[in-house]
There are 2 protein chains.
Amino acid sequence: MQNFNEETNKNRNSRQVLQYVQNSEPTTRTEIARKLSLSKPTVSTIVAELVEEGWIIETGSGESSASGGRKPVNLMFNPKKAYCIGVDIGGTKVAVGITDLRGKLESYRTFPAQEHQDDSLFKMIKHMVDEMQEELSISDSQIFGVGAGVPGVTDMETGIVEEAPALGWKEFPIKEKLQNVFPFPVYVDNDVNIGALGEHWRGLGRNKRNLIFIAVGTGVGSGIILNGQLFRGSHYSAGEIGYMVTDRSLAKSYEPAYAGYGFLESVSGGTSIGTALSGRLGRRVSAEEAFELYRAGNPEALEKLGPALEHLGIAIANYVSILDPELIILGGGLSQSFDVIHPVVSGIVRQYAPKECEIVKTASGKEAGVIGAVALLLKEHEGLYNI
Amino acid sequence: MQNFNEETNKNRNSRQVLQYVQNSEPTTRTEIARKLSLSKPTVSTIVAELVEEGWIIETGSGESSASGGRKPVNLMFNPKKAYCIGVDIGGTKVAVGITDLRGKLESYRTFPAQEHQDDSLFKMIKHMVDEMQEELSISDSQIFGVGAGVPGVTDMETGIVEEAPALGWKEFPIKEKLQNVFPFPVYVDNDVNIGALGEHWRGLGRNKRNLIFIAVGTGVGSGIILNGQLFRGSHYSAGEIGYMVTDRSLAKSYEPAYAGYGFLESVSGGTSIGTALSGRLGRRVSAEEAFELYRAGNPEALEKLGPALEHLGIAIANYVSILDPELIILGGGLSQSFDVIHPVVSGIVRQYAPKECEIVKTASGKEAGVIGAVALLLKEHEGLYNI
DNA sequence: TTCGTTTGTTAACTTAACTTACTAACTTCT
DNA sequence: AGAAGTTAGTAAGTTAAGTTAACAAACGAA
């Protein structure tokens with residue numbers, strides 16, 4: 001029974017049990033046996049092993065049922081069995097954190113990205129992690145692995161960043177670089193995918209099978225979770241909503257906001273909104289300021305921002321038409337102006353898409369990137385433990 | 001070892017072996033053992049069972065390898081172990097066929113849809129199948145099951161057609177109706193999903209992990225295969241490309257071609273193309289005729305058809321931006337004018353989408369619907385056999 | 001205190017892998 | 001032609017990981 005193809009049967013069952021305990025705390029051996037349709041002895045041996053290894057903790061006995069009988073032993077998942085490192089590399093700052101297996105942040109720190117280049121960056125990351133480990137007295141053997149997010153198209157498997165304009169990287173072997181400083185398994189993906197994973201694991205997308213995370217900032221990008229799995233596409237470029245065209249006539253003459261920018265981000269991205277209004281008003285306006293003016297009913301702002309929001313709305317409606325997701329989560333810098341964006345976008349979705357779809361603003365804070373990176377690690381890592 | 005959760009381990013391995021034999025004919029016990037990393041004895045016992053049951057046939061011995069040694073016994077999959085019924089219900093005609101497990105059509109016949117309504121339709125289908133079974137001398141016990149395609153939004157699980165305008169159905173329990181006449185497992189899905197499954201199984205999409213099948217006819221619809229699995233969305237309405245908006249300004253004023261029609265099918269669907277040109281020329285023109293005039297360089301046709309094709313191109317480019325598929329297959333009535341459509345569409349995709357994507361015309365014939373329906377049956381059926 | 005109930009364990013059995021050791025069949029080298 | 005070397009497939013025995021059946025432990029209530 002050693003092998004049914006790379007994965008032993010026992011391991012499967014152990015994983016199922018551990019997963020069940022996680023999702024149904026507190027639980028008992030008998031309950032597990034019933035729910036997973038395994039026999040009681042099987043569950044007992046598996047639980048014994050998991051308790052031995054420290055994945056599961058027996059906590060006092062629970063309540064016996066109405067009709068009497070022996071009280072069950074409560075079983076709880078032990079989220080401190082191991083710790084995870086999450087790294088969120090952004091254009092301006094780098095965030096590093098250590099979480100437990102539940103995604104609870106135990107320690108977190110950031111440093112400016114620009115000060116360091118190439119190898120010095122990774123030494124700095126390692127240094128931060130070492131400090132945090134010391135602080136929390138977590139030994140290397142307790143570390144499960146490293147997950148990292150990068151703002152650019154990334155090949156999960158080779159770990160090479162095809163292109164990350166914000167960092168000036170091209171064909172950059174980030175996984176290798178991280179692996180050089182960390183003696184743990186390393187997983188890398190792009191920042192929007194990480195955002196989607198984070199929302200699915202710990203954010204508003206918990207228990208949703210199909211969701212889209214859209215980050216509207218300088219550019220517009222999105223991560224797609226279908227059937228509970230991140231969908232990356234054939235060339236790791238699924239979710240490039242920034243390239244969506246929402247106006248045939250306009251598309252013929254549009255100018256990319258930056259080289260390599262797509263249509264949508266050129267008409268609805270943060271930079272474009274700012275510059276468009278700046279041109280109209282004759283002074284430099286930031287995107288936030290533009291929204292502020294829009295809220296105040298400034299006519300120029302209404303004139304310039306209105307269409308930008310409509311384009312975004314159409315792009316999202318198109319997403320709904322194609323993928324029929326359960327939930328769309330908006331994140332990124334512009335999600336601060338969700339109060340302005342939401343009515344326009346959801347009106348357009350209702351008007352044009354065949355099905356409705358809830359659209360919400362992300363509830364995660366600054367640490368979302370780090371937690372998403374940890375979600376990536378736990379999803380991809382082929383260990384006993386799995387989200 | 002009875003249960004690791006609904007599915008025994010043995011069954012998994014049997015299925016893997018059978019699948020391997022199918023895809024790698026002819027093969028041998030030793031090769032299977034190597035490729036699936038199972039031991040030789042294990043493979044021998046599994047193969048013995050499969051031969052006993054008739055799934056696998058031993059054909060003469062093969063060639064021994066370069067360095068000598070005993071000649072292996074060649075193993076072949078037996079596609080005649082069972083037969084499948086495929087039903088393709090269209091607005092104008094109904095097609096029924098019987099195929100073997102490879103999807104080879106053994107018998108096929110059609111009849112007009114309108115002549116029959118409600119229960120009479122299903123009696124007719126059953127009658128046709130009975131005739132074909134007799135002709136081929138296939139007993140009920142050899143029938144694997146029934147797959148069926150319907151032109152409308154269909155809930156795979158309950159088997160209820162939400163709405164099929166072409167047939168005048170609403171909340172129609174088609175699975176139940178078919179189950180009433182057939183004593184075999186029945187699976188139903190909508191026609192574009194079936195088209196996608198057919199292309200993936202026997203068409204141009206073989207061995208592709210991610211593909212889109214787009215049917216351009218009266219309306220525009222699509223089926224999505226991601227990671228080798230049909231993606232249906234949260235409300236069974238994924239792939240509704242007909243609702244995609246490709247022009248913000250135009251969308252504000254467009255009139256649906258029919259009630260419930262989306263933007264894209266209203267500007268690029270077959271009916272709209274015909275009527276648009278009819279209006280311009282002052283006489284009734286069919287879509288085919290419109291393409292004919294376009295090929296001949298007729299200025300009115302260029303003026304009306306050009307934008308329609310561009311809208312379709314943008315919709316497909318948006319698809320590529322979002323899903324990054326490996327292949328897009330065009331089908332439906334208008335794919336006859338692929339020579340006209342392809343240059344426009346692929347030019348637009350190259351211009352606006354972040355990655356390239358091959359776009360081809362379906363190579364399947366009239367029987368595609370029946371074969372796709374069989375593909376659905378084999379995908380969904382939880383038997384030993386699986387595509 | 002005793003009885004019914006529920007939890008969890010122990011013991012014996014079953015299944016389906018595995019390993020090791022074989023036979024069978026074939027090629028090639030001498 | 002016969003020996004040596006190679007590869008295919010089988011037989012016998014072992015091991016892992018389940019199963020069922022029976023029982024001990026713990027508890028509530030009559």
Side-chain angles (χ1 to χ4, degrees), chain A residues 1-18 20-21 24 26-52 56-76 384, chain B residues 1-18 20-21 24 26-52 56-76 384:
Chain A
M1 170 109 345
Q2 178 181 313
N3 199 338
F4 103 87
N5 216 355
E6 305 291 304
E7 196 173 30
T8 75
N9 207 335
K10 171 97 185 256
N11 231 309
R12 279 186 93 95
N13 280 337
S14 296
R15 203 184 274 201
Q16 288 225 354
V17 168
L18 186 54
Y20 183 80
V21 172
S24 317
T27 186
T28 71
R29 289 170 173 80
T30 306
E31 189 184 324
I32 297 171
R34 256 199 313 273
K35 290 293 173 60
L36 300 184
S37 43
L38 291 169
S39 69
K40 289 194 288 175
T42 302
V43 172
S44 280
T45 45
I46 290 176
V47 167
E49 273 176 37
L50 292 172
V51 168
E52 169 87 14
I56 289 181
I57 299 175
E58 292 186 338
T59 64
S61 41
E63 286 307 296
S64 51
S65 65
S67 46
R70 173 173 167 178
K71 282 181 184 163
V73 177
N74 277 345
L75 302 174
M76 301 274 276
L384 170 57
Chain B
M1 170 108 344
Q2 179 180 308
N3 200 338
F4 103 88
N5 215 358
E6 304 292 304
E7 197 174 29
T8 73
N9 207 335
K10 172 96 186 253
N11 232 310
R12 279 186 92 94
N13 279 337
S14 296
R15 206 185 270 202
Q16 287 226 353
V17 168
L18 187 55
Y20 184 80
V21 172
S24 317
T27 186
T28 70
R29 290 170 172 81
T30 306
E31 189 184 322
I32 296 170
R34 255 200 313 273
K35 290 292 173 59
L36 300 186
S37 44
L38 292 169
S39 68
K40 289 195 290 177
T42 301
V43 172
S44 281
T45 45
I46 290 175
V47 167
E49 273 175 38
L50 291 172
V51 167
E52 170 87 14
I56 288 181
I57 300 174
E58 291 187 338
T59 63
S61 43
E63 286 308 295
S64 50
S65 66
S67 46
R70 173 172 166 179
K71 283 180 183 165
V73 176
N74 276 345
L75 301 174
M76 303 274 276
L384 171 58

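Each chain gets a letter, A, B and so on, in the order the sequences are listed, and its residues count up from 1.
- Taking atom CG of Asn74(B) as the reference point, atom P of dA25(C) lies 16 Å away to the nearest angstrom.
- Separating the CZ atom of Arg34(B) from the P atom of dG9(D) is a distance of 10 Å, rounded to the nearest angstrom.
- For Arg12(B), no side-chain nitrogen or oxygen approaches OP1 or OP2 of dA16(C) to under 4.0 Å.
- Distances shorter than 4.0 Å separate some side-chain N or O of Asn13(A) from OP1 or OP2 on dG18(D).
- Taking only side-chain atoms of Ser44(A), from C-beta outward, the nucleotide of dG8(C), dT19(D), dG9(D) with the closest atom is dG8(C).
- dA8(D) atom P lies 12 Å from atom NZ of Lys35(B), rounded to whole Å.
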Protein and nucleotides 21-26 of chain D: nitrogen or oxygen contacts under 3.5 angstrom:
| residue | atom | partner | partner atom | Å |
| --- | --- | --- | --- | --- |
| dA26(D) | N3 | Arg70(A) | N | 3.4 |

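- For the OP1/OP2 pair of dT20(D) and a distance below 4.0 Å, the side-chain nitrogens and oxygens of Ser39(A) include no atom meeting the criterion.
- Distance Leu38(A) CG to dG8(C) C1': 15 Å, rounded to the nearest Å.
- The phosphate of dT19(D) has OP1 or OP2 within less than 4.0 Å of a side-chain N or O from Thr42(A).
- Taking the side chain to side chain donor-acceptor pair (under 3.5 Å) definition, one finds that Thr30(A) meets it with nothing, sequence neighbours left out.
- Distances shorter than 4.0 Å separate some side-chain N or O of Arg29(B) from OP1 or OP2 on dT10(D).
- From Leu18(A), atom CG reaches atom CD1 of Ile56(A) across 5.5 Å, with rounding to the nearest 0.5 Å.
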